[in-house]
Amino acid sequence: MEKCQFTIEYFNNEIVIMGNASYFHEKLVAEIIFCLKTIFNRIKGFSVLGSNIKIHVADALSPNDFNADVSVVQGEPEFLILPSGKKSTAIISNPTLVVEVTSKSTISHDFGDKLLAYKKIDSLQYAIFVSQYQPFVTVYERKGPHHWDLRDYTHLEDSFEIMGQKLTLIDIYKDIRFEQ
């Protein structure tokens, strides 16, 4: 799995081949990584990661491996132990935050099966969904073991907090021309 030449996700006991991202998608991902690096450089002990790291969701019925567009780990990453007994350095199981940049082809999967799986990760505190077509950010924040607050932000002047640090939509969408 670690030497695969294309992006895959393992979901519901099936391998899902992921398509290539658009220029607009990747530009937005780069802006988000910059924003999160700025935030987490102020707080010690966090790592901001790109989309090539896999996130393992342990589930007795159907384990899943996903690629978030951006993820953040607090402290040391917990790497998956492969069936061979070796520790993978490409699959983690303890993200604190995940970000998905939604597109027409991924929005149902992102807000459906992927979100349900992400909510099973005990370490996860934030799941953030960012539209590449308009200023629209949805933030799920864990408030308790089975309690998530949901907030939508639709104006460039809107802001929200991550770990006590403010992030505005204008920061996320800086220099972004919306894809139609």
Side-chain angles (χ1 to χ4, degrees), residues 4 6-11 15-41 46-57 64-74 90-92 94-121 123-142 148-163 165-180:
C4 190
F6 47 87
T7 301
I8 62 170
E9 290 185 343
Y10 185 69
F11 174 71
I15 293 174
V16 179
I17 297 173
M18 304 300 289
N20 291 326
S22 72
Y23 168 84
F24 303 103
H25 179 278
E26 288 304 298
K27 187 169 170 62
L28 189 50
V29 167
E31 288 296 337
I32 293 166
I33 289 173
F34 177 80
C35 290
L36 292 177
K37 286 288 290 177
T38 301
I39 286 173
F40 288 108
N41 280 341
F46 288 86
S47 300
V48 179
L49 307 167
S51 64
N52 286 324
I53 197 80
K54 289 216 175 292
I55 297 171
H56 180 74
V57 181
N64 301 294
D65 292 332
F66 296 110
N67 292 79
D69 290 310
V70 182
S71 58
V72 176
V73 174
Q74 182 176 7
I91 307 171
I92 62 168
N94 65 325
T96 298
L97 179 150
V98 293
V99 179
E100 296 290 348
V101 174
T102 62
S103 70
K104 292 172 185 161
S105 64
T106 66
I107 194 164
S108 293
H109 182 56
D110 290 340
F111 275 105
D113 297 325
K114 225 172 183 182
L115 177 59
L116 292 175
Y118 284 154
K119 286 181 172 183
K120 294 177 183 178
I121 302 172
S123 62
L124 193 69
Q125 298 301 307
Y126 299 91
I128 301 172
F129 298 85
V130 179
S131 172
Q132 66 181 307
Y133 305 110
Q134 61 184 326
F136 199 103
V137 175
T138 299
V139 178
Y140 287 85
E141 181 180 1
R142 185 186 298 268
W148 291 82
D149 272 357
L150 162 64
R151 302 238 194 269
D152 291 327
Y153 302 92
T154 59
H155 299 95
L156 290 174
E157 302 78 29
D158 289 346
S159 66
F160 55 94
E161 287 192 5
I162 297 174
M163 304 292 213
Q165 303 293 312
K166 183 178 170 182
L167 183 58
T168 64
L169 268 62
I170 204 156
D171 293 330
I172 293 171
Y173 288 109
K174 182 181 181 202
D175 298 326
I176 298 297
R177 188 185 88 213
F178 294 105
E179 180 183 10
Q180 298 302 319

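A quick note: this is a predicted structure, and the numbers were derived from the prediction, not measured. Numbering of residues begins at 1 and proceeds along the displayed sequence.
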side-chain contact (heavy atoms from CB on, under 4.5 Å) between Y133 and S103, worked out: CA-CA 8 Å; Y133 305 110; S103 70; 3.5 Å; yes
K114 side-chain N/O to N67 backbone N/O, donor-acceptor pair under 3.5 Å: yes
Mutual orientation of the aromatic rings belonging to Y140 and F111 [parallel < 30°, tilted 30-60°, perpendicular > 60°]: tilted
Distance, nearest 0.5 Å, that separates OG of S159 from OH of Y153: 7.5 Å
Gap between atom CD1 of I53 and atom CD1 of I55 - 0.5 Å precision: 8.5 Å
Qualifying residues under ring pair (Phe, Tyr, Trp, His ring centres under 6.0 Å), relative to Y126, sequence neighbours excluded: none
Residue pair I107 / F129, side-chain heavy-atom distance below 4.5 Å: no
Flag side-chain contact, heavy atom, 4.5 Å: I176 against E31: yes
Min side-chain heavy-atom separation F24-V101 under 4.5 Å: no
CG-CZ distance between D158 and R151, expressed to the nearest 0.5 angstrom: 12.0 Å
Verdict with reasoning, H155 to L169, per side-chain contact (heavy atoms from CB on, under 4.5 Å): CA-CA 7 Å; H155 299 95; L169 268 62; 5.9 Å; no
Minimal non-hydrogen separation, Q134 against Y173, with atom names: O-OH, 3.1 Å
Side-chain (Q132) to main-chain (T102) donor-acceptor, under 3.5 angstrom: yes
Residue pair I33 / G50: nearest heavy atoms and the distance that separates them: CD1-CA, 4.3 Å
D175 vs K27 side-chain heavy atoms within contact, under 4.5 Å: yes
NZ (K119) with more than 12 external heavy atoms under 6.0 Å: yes
Ring pair (Phe, Tyr, Trp, His ring centres under 6.0 Å) against F34, all qualifying residues, sequence neighbours excluded: none
Side chain to side chain contact (heavy atoms under 4.5 Å, CB included) partner of L36, the single match among L97, N41, I128: L97
Verdict with supporting geometry, I39 and F46, side-chain contact (heavy atoms from CB on, under 4.5 Å): CA-CA 10 Å; I39 286 173; F46 288 86; over 6 Å; no
Side-chain (S71) to main-chain (V98) donor-acceptor, under 3.5 angstrom: no
Closest non-hydrogen atom pair, S123 against P95: OG-O, 2.7 Å
Minimum side-chain heavy-atom gap I172-L28 below 4.5 Å: yes
Residues I92, L49; criterion side-chain contact (heavy atoms from CB on, under 4.5 Å); working and verdict: CA-CA 11 Å; I92 62 168; L49 307 167; 4.2 Å; yes
Atom pair CG (D65) and NZ (K54), whose distance is rounded to the nearest 0.5 Å: 6.5 Å
Shortest non-hydrogen separation from E100 to A68 and the atoms involved: OE2-CA, 3.2 Å
Plane angle bin for F66 and Y118 - parallel if under 30°, tilted between 30 and 60°, otherwise perpendicular: perpendicular
Taking every non-hydrogen atom, the tightest pair across V29 and V70: CG1-CG2, 4.0 Å
Rounded distance [0.5 Å steps], SG in C35 versus CG in D171: 5.0 Å
Min side-chain heavy-atom separation Q125-Q74 under 4.5 Å: no
Worked verdict on D69 versus S51 for side chain to side chain donor-acceptor pair (under 3.5 Å): CA-CA 4 Å; D69 290 310; S51 64; 5.2 Å; no
Spacing of OG1 belonging to T96 relative to CG belonging to N94, to within rounding of 0.5 Å: 7.0 Å
